[in-house]
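These notes concern the structure reproduced below.
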Amino acid sequence: MRILLIRHGNVELLGRVLYGRMPGVHLDAEGCRQAQVLAQALKQRYKIDEVVSSPLARAVETARFIADAQDIDVSIDEGMNEVEVGSWTGRPFGELFDTEEWKKYNELRSTTCPPGGEFITQVQTRAWSSIGKIVAHHPDEDDSTVAIVSHGDVIRALLILLLGMPVDHIHRLEVGPASASEILLGRGQPRVLAINQLF
């Protein structure tokens, strides 16, 4: 089975605010354009059998562009939700950059988490569990393709798991807005075929 791990398109707060699971964060005009381009590129390359999305608005909006191009529906999966960043939710990055908590979080992701948030290993566990359920839903379809629309660190966490990398190296992987990373699951070891494809 082919899994396409897709990050949602651009939002206005990108790079300015740690929006996390903050409600009301939607794709901006550039994000909609990115999602449309992505949807058409995927349509030309793949027959997608299922589109799964994080429950957050920006992911669902991206997923709908992809699903509409394939004439299928979107399924929501809580396991693909954004990382819970607790009391950091909604804070400008400028307020976080110089704090010791933020520095430690980004240097030692394996042993630290946001105040009131979740560890990246918890993110890996829930997201991988969701992929297991998706695979179980297509037991006899080795050639099926599923697109999963999620968030940057969730996708990085999964790629790190599959590549056998330490989670402290999470920033070594680039996962840009509206990018697609491709993995192949089946007999033998999972294979990472592509990371951060942009269209």
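Residue-environment remark: CD (Gln197) exceeds the threshold of 12 foreign heavy atoms within 6.0 Å. Around the CZ atom of Arg172, the shell of radius 6.0 Å holds no more than 12 heavy atoms that belong to other residues, nucleotides or ligands. Annotation: Lys133, atom NZ; neighbour count of heavy atoms from other residues, nucleotides and ligands within 6.0 Å does not exceed 12. Residue-environment remark: CD (Gln189) stays at or below the threshold of 12 foreign heavy atoms within 6.0 Å.
Val52 and Met1 fall within a single hydrophobic cluster, where Ile, Leu, Val, Met, Phe, Trp and Tyr side chains are chained together by heavy-atom contacts under 4.5 Å. Under a hydrophobic clustering in which Ile, Leu, Val, Met, Phe, Trp and Tyr are joined whenever their side-chain heavy atoms come within less than 4.5 Å, directly or via other members, Val11 and Val60 fall into different clusters.
Between Phe93 and Phe97, the angle of the ring planes stays under 30°, which puts this pair in the parallel group of the 30/60° scheme.
For the residue pair Thr145 and Lys47, the shortest heavy atom distance occurs at CB-O, 3.6 Å. Between Gln124 and Val167, the shortest heavy-atom contact is NE2-CG1, 3.6 Å.
Rounded to the nearest 0.5 Å, atoms OG (Ser181) and CZ (Arg156) are 9.5 Å apart. To the nearest 0.5 Å, atoms CG (Asn106) and NE2 (His171) are separated by 3.5 Å. One distance of note links OG1 of Thr111 with CG of Asp168; it measures 6.5 Å at 0.5 Å rounding. With rounding to the nearest 0.5 Å, the separation of OH in Tyr19 from CD in Glu12 is 11.5 Å. Rounding to the nearest 0.5 Å places CG of Asp77 at 9.0 Å from CD of Glu50. Between the CD1 atom of Ile183 and the CD1 atom of Ile131 there is a distance of 4.5 Å, given to the nearest 0.5 Å.
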**Message:** Phe199 vs Gln44, test: side-chain contact (heavy atoms from CB on, under 4.5 Å). Steps then yes/no.
**Reply:** CA-CA 12 Å; Phe199 300 93; Gln44 292 176 10; over 6 Å; no
**Request:** Could you go through the side-chain contact (heavy atoms from CB on, under 4.5 Å) check for Trp102 and Arg91 one step at a time?
**Result:** CA-CA 12 Å; Trp102 179 257; Arg91 290 186 63 183; over 6 Å; no
**Request:** Would you check, one step at a time, whether the test side-chain contact (heavy atoms from CB on, under 4.5 Å) holds for Ile6 with Leu42?
**Result:** CA-CA 11 Å; Ile6 295 165; Leu42 295 179; 3.7 Å; yes
**Request:** List the steps, then state whether side-chain contact (heavy atoms from CB on, under 4.5 Å) holds for Leu56 with His8.
**Result:** CA-CA 10 Å; Leu56 298 184; His8 63 80; over 6 Å; no
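Contacts classified as salt bridge (Lys or Arg N to Asp or Glu O under 4.0 Å) and involving residues 190-199 (residues at least two apart or in different chains) are not found.
For Asp153 and Arg109, the salt-bridge test passes: some basic side-chain N is under 4.0 Å from an acidic carboxylate O.
With sequence neighbours excluded, the residues satisfying side chain to side chain contact (heavy atoms under 4.5 Å, CB included) with Glu61 are His26, Leu27, Ala57.
Glu82 pairs in a salt bridge (charged side-chain N to carboxylate O under 4.0 Å, His left out) with only one of the listed residues (Arg126, Arg21, Arg58), which is Arg58.
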